[in-house]
**Q** 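This is the structure I want to talk about, given as structure tokens.
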Amino acid sequence: METLTCPNCFARNNLLKVIWNFPKYLFLSILGCLTVIQTLWLCFISSYKDEWAALIVLYLQLWIYISVFRSRTRIRPLTEDLYRISNMLHAYTIQKKKILKINIWVYCLFVTFVAVFFEMTLFNTGLIANKQQKLRNSELIPAHLKEHSLAILNCLSTFMSLVGNCFFATLLGYYCFVCCCMEQFLLHFKWKSKLLIGRQDYQRIFAIYREMNETMIMIDNFLNFPIFISVFNILASLFWYGYSFAFPPNADNVTNMCFSIGFVQYFILLLITLSPAAAANQAAATAREFVLSFPGWFPMRYSLINLHVRREFMHKTALTLWKIYRIDNSLTIRAIGSLISYGILVNTLGSVHNSNNQS
């Protein structure tokens with residue numbers, strides 16, 4: 001909805017124009033209200049760590065949304081660039097397009113199913129019941145407002161999951177789609193170039209590679225910061241779910257199932273974020289090495305082609321996290337290893353603290 005222009009039939013009527021923009025306004029209103037309510041909630045329940053963690057997650061999601069909203073005009077040109085590169089390379093056959101559509105639908109259904117199942121499991125756990133009991137026992141909330149506060153608590157828990165899956169998972173799915181397309185284009189580029197080398201058409205090879213290079217740079221400039229915050233959010237959620245599952249504080253089986261679902265969901269989101277980007281970076285490095293070898297393929301124009309290569313294609317392009325980390329396969333292993341190390345450290349410090357208090 002952010003990228004589509006309002007049709008002329010809607011733009012002529014103010015009511016239809018409002019209806020067209022209603023989903024955008026609704027999502028922004030829900031996100032803003034959740035942030036305000038969660039902030040006010042801490043004024044009454046300031047000692048609960050879960051509430052502070054939920055507020056931090058909301059602020060991170062708001063930060064991501066603002067960053068993407070400010071750059072929303074790049075979404076459609078980026079999609080058009082991918083479509084143009086696909087036509088230049090003839091990379092996607094009808095069968096591959098069908099497979100791509102099926103994968104998109106599978107991802108959407110998976111996100112929807114996990115969100116609904118997680119929400120149903122969450123409301124049957126002791127987590128919500130404990131929060132409700134603490135709310136009833138709170139002396140800061142007047143008695144006649146406690147029932148309304150319980151309703152707000154239930155709505156808050158529901159909409160937080162809704163917002164997270166509507167925007168957060170959608171952004172990561174879009175990033176996965178873009179990275180998968182770039183990987184296919186870069187891998188197909190070598191095969192296409194060999195055909196063009198046989199025709200001595202080096203100018204078309206350079207035009208295709210220049211287009212892919214510029215698209216990679218555009219993807220990184222547009223999404224490096226939102227993906228960095230998203231990965232940080234995923235790792236924080238993985239740490240919380242994993243630690244709660246490994247060291248449950250008298251949790252029942254339903255609560256453990258809820259933690260397991262949350263952990264699996266965010267682990268899959270981590271994989272579909274980092275793995276396609278790492279594969280695209282590897283394909284970009286392979287394509288660059290092939291381009292650097294072009295002067296040897298055209299001995300009659302060696303000096304001219306070597307000059308073109310050195311002027312335009314000597315720099316390395318890669319997808320990064322906020323221009324700090326170059327995404328590769330080892331980044332996933334390092335992130336998971338760090339989570340395990342921090343979990344063991346936090347549990348050790350907690351055990352020492354409890355033993356000191358008992359003594």
**Q** If you round to the nearest 0.5 Å, how far is CE of Met212 from CG of Asp81?
**A** 12.5 Å

**Q** Hey, are the side chains of Asn224 and Ile227 touching, using non-hydrogen atoms and a 4.5 Å cut-off?
**A** no

**Q** Tell me, do His315 and Asn213 make a side-chain contact under 4.5 Å, heavy atoms counted?
**A** yes

**Q** Using the rule given for side chain to side chain contact (heavy atoms under 4.5 Å, CB included), can you reason through Phe185 versus Thr215, listing the C-alpha separation, both sets of side-chain angles and the distance that settles it, and then say yes or no?
**A** CA-CA 11 Å; Phe185 296 156; Thr215 304; over 6 Å; no

**Q** Taking atom CE of Met88 as the centre, report whether more than 12 heavy atoms of other residues, nucleotides or ligands fall under 6.0 Å from it.
**A** yes

**Q** Under the criterion salt bridge (charged side-chain N to carboxylate O under 4.0 Å, His left out), I'd like the reasoning laid out for Glu80 against Arg84: C-alpha separation, chi angles, the key distance, then a yes or no.
**A** CA-CA 6 Å; Glu80 294 173 352; Arg84 184 164 56 253; 5.6 Å; no

**Q** Can you get from Tyr175 to Trp322 by hopping between Ile, Leu, Val, Met, Phe, Trp and Tyr side chains that sit under 4.5 Å apart?
**A** yes

**Q** Please confirm whether the ring centroid of Trp105 lies under 6.0 Å from the ring centroid of Phe110.
**A** no

**Q** When rounded to the nearest 0.5 angstrom, what distance separates CD in Glu211 from CG in Leu89?
**A** 10.0 Å

**Q** Between the main-chain N or O of Phe290 and the side-chain N or O of Ser293, is there a donor-acceptor pair closer than 3.5 Å?
**A** yes

**Q** Given side chain to side chain contact (heavy atoms under 4.5 Å, CB included), test Leu274 with Asn329 step by step and report yes or no.
**A** CA-CA 8 Å; Leu274 297 183; Asn329 292 322; over 6 Å; no

**Q** Would you check if Tyr174 and Thr79 make a side-chain contact, meaning some heavy-atom pair closer than 4.5 Å?
**A** yes

**Q** State, yes or no, whether a side-chain contact exists between Val231 and Tyr325 at a heavy-atom distance under 4.5 Å.
**A** no

**Q** Please round to the nearest 0.5 Å and tell me the distance separating atom OG of Ser67 and atom CZ of Phe222.
**A** 8.0 Å

**Q** For Met314 and Leu292, which heavy atoms make the closest approach, and how far apart are they?
**A** SD-CD2, 3.6 Å

**Q** Show your reasoning for whether side chain to side chain contact (heavy atoms under 4.5 Å, CB included) applies to Tyr209 and Arg288.
**A** CA-CA 9 Å; Tyr209 185 72; Arg288 179 178 176 272; 3.5 Å; yes

**Q** Classify the ring geometry between Phe294 and Phe189 as parallel (under 30°), tilted (30 to 60°) or perpendicular (over 60°).
**A** tilted

**Q** So does Asn306 get a backbone contact from the side chain of Arg301, meaning a donor-acceptor N/O pair under 3.5 Å?
**A** no

**Q** For the CZ atom on Phe232, are there more than 12 heavy atoms of other groups (residues, nucleotides or ligands in this structure) within a distance under 6.0 Å?
**A** no

**Q** Applying a strict under-4.5 Å side-chain criterion to I, L, V, M, F, W and Y, I'd like to know whether Ile324 and Ile64 cluster together.
**A** yes

**Q** For the atom pair CG (Leu171) and SG (Cys176), what is the distance rounded to the nearest 0.5 Å?
**A** 11.5 Å

**Q** Do Leu187 and Met182 land in one hydrophobic cluster if side-chain heavy atoms of ILVMFWY residues count as linked below 4.5 Å?
**A** no

**Q** When you look at Leu186 and Thr286, which way does the side chain to side chain contact (heavy atoms under 4.5 Å, CB included) test go after all the steps?
**A** CA-CA 8 Å; Leu186 291 165; Thr286 304; over 6 Å; no

**Q** Side chains of Lys316 and Asn281: any donor to acceptor distance under 3.5 Å?
**A** no

**Q** Can you check whether Phe313 and Phe206 have ring centres sitting under 6.0 Å from each other?
**A** yes

**Q** Looking at side-chain heavy atoms only, is the closest gap between Cys179 and Leu319 below 4.5 Å?
**A** yes

**Q** For Phe225 and Trp63, run ring-ring contact (aromatic ring centres under 6.0 Å, His included): C-alpha distance rounded to whole Å, both residues' side-chain angles, the deciding distance at 0.1 Å, then the answer.
**A** CA-CA 10 Å; Phe225 179 71; Trp63 202 359; 5.3 Å; yes

**Q** Is it true that Tyr83 and Met218 fall in one hydrophobic cluster, defined by side-chain heavy atoms closer than 4.5 Å?
**A** no

**Q** Taking C-beta and beyond as the side chain, do Gln184 and Ser86 meet within less than 4.5 Å on heavy atoms?
**A** no

**Q** Taking all non-hydrogen atoms of both residues into account, name the closest pair between Arg326 and Ala318 and its distance.
**A** NE-CB, 3.6 Å

**Q** Is the number of heavy atoms from other residues, nucleotides or ligands under 6.0 Å of Lys190 NZ greater than 12?
**A** no

**Q** With side chains defined as the heavy atoms from C-beta onward, is the minimum distance between Val111 and Tyr107 less than 4.5 Å?
**A** yes

**Q** Mind checking whether Ile205 and Met300 sit in one hydrophobic cluster, side chains of I, L, V, M, F, W, Y counted as touching below 4.5 Å?
**A** no

**Q** Tell me yes or no: between the side chains of Thr320 and Asp220, is some donor less than 3.5 Å from an acceptor?
**A** yes

**Q** Quick one: pull up CD in Gln203 and CG in Leu196 and give me the separation to the nearest 0.5 Å.
**A** 11.5 Å

**Q** Indicate yes or no for a side-chain donor-acceptor contact from Ser230 to the backbone of Pro226 under 3.5 Å, with no hydrogens or angles considered.
**A** yes

**Q** How close do Glu183 and Ala280 get, counting heavy atoms only, and between which atoms?
**A** CB-CA, 4.1 Å

**Q** Can you tell me how far the CG atom of Leu271 sits from the OG1 atom of Thr332, to the nearest 0.5 Å?
**A** 6.5 Å

**Q** Asn103 side chain to Ile99 main-chain N or O, any donor-acceptor pair under 3.5 Å?
**A** yes

**Q** Phe177 versus Leu100: any side-chain heavy-atom pair under 4.5 Å?
**A** yes

**Q** Is it the case that more than 12 heavy atoms not belonging to Arg310 sit under 6.0 Å from its CZ atom?
**A** no

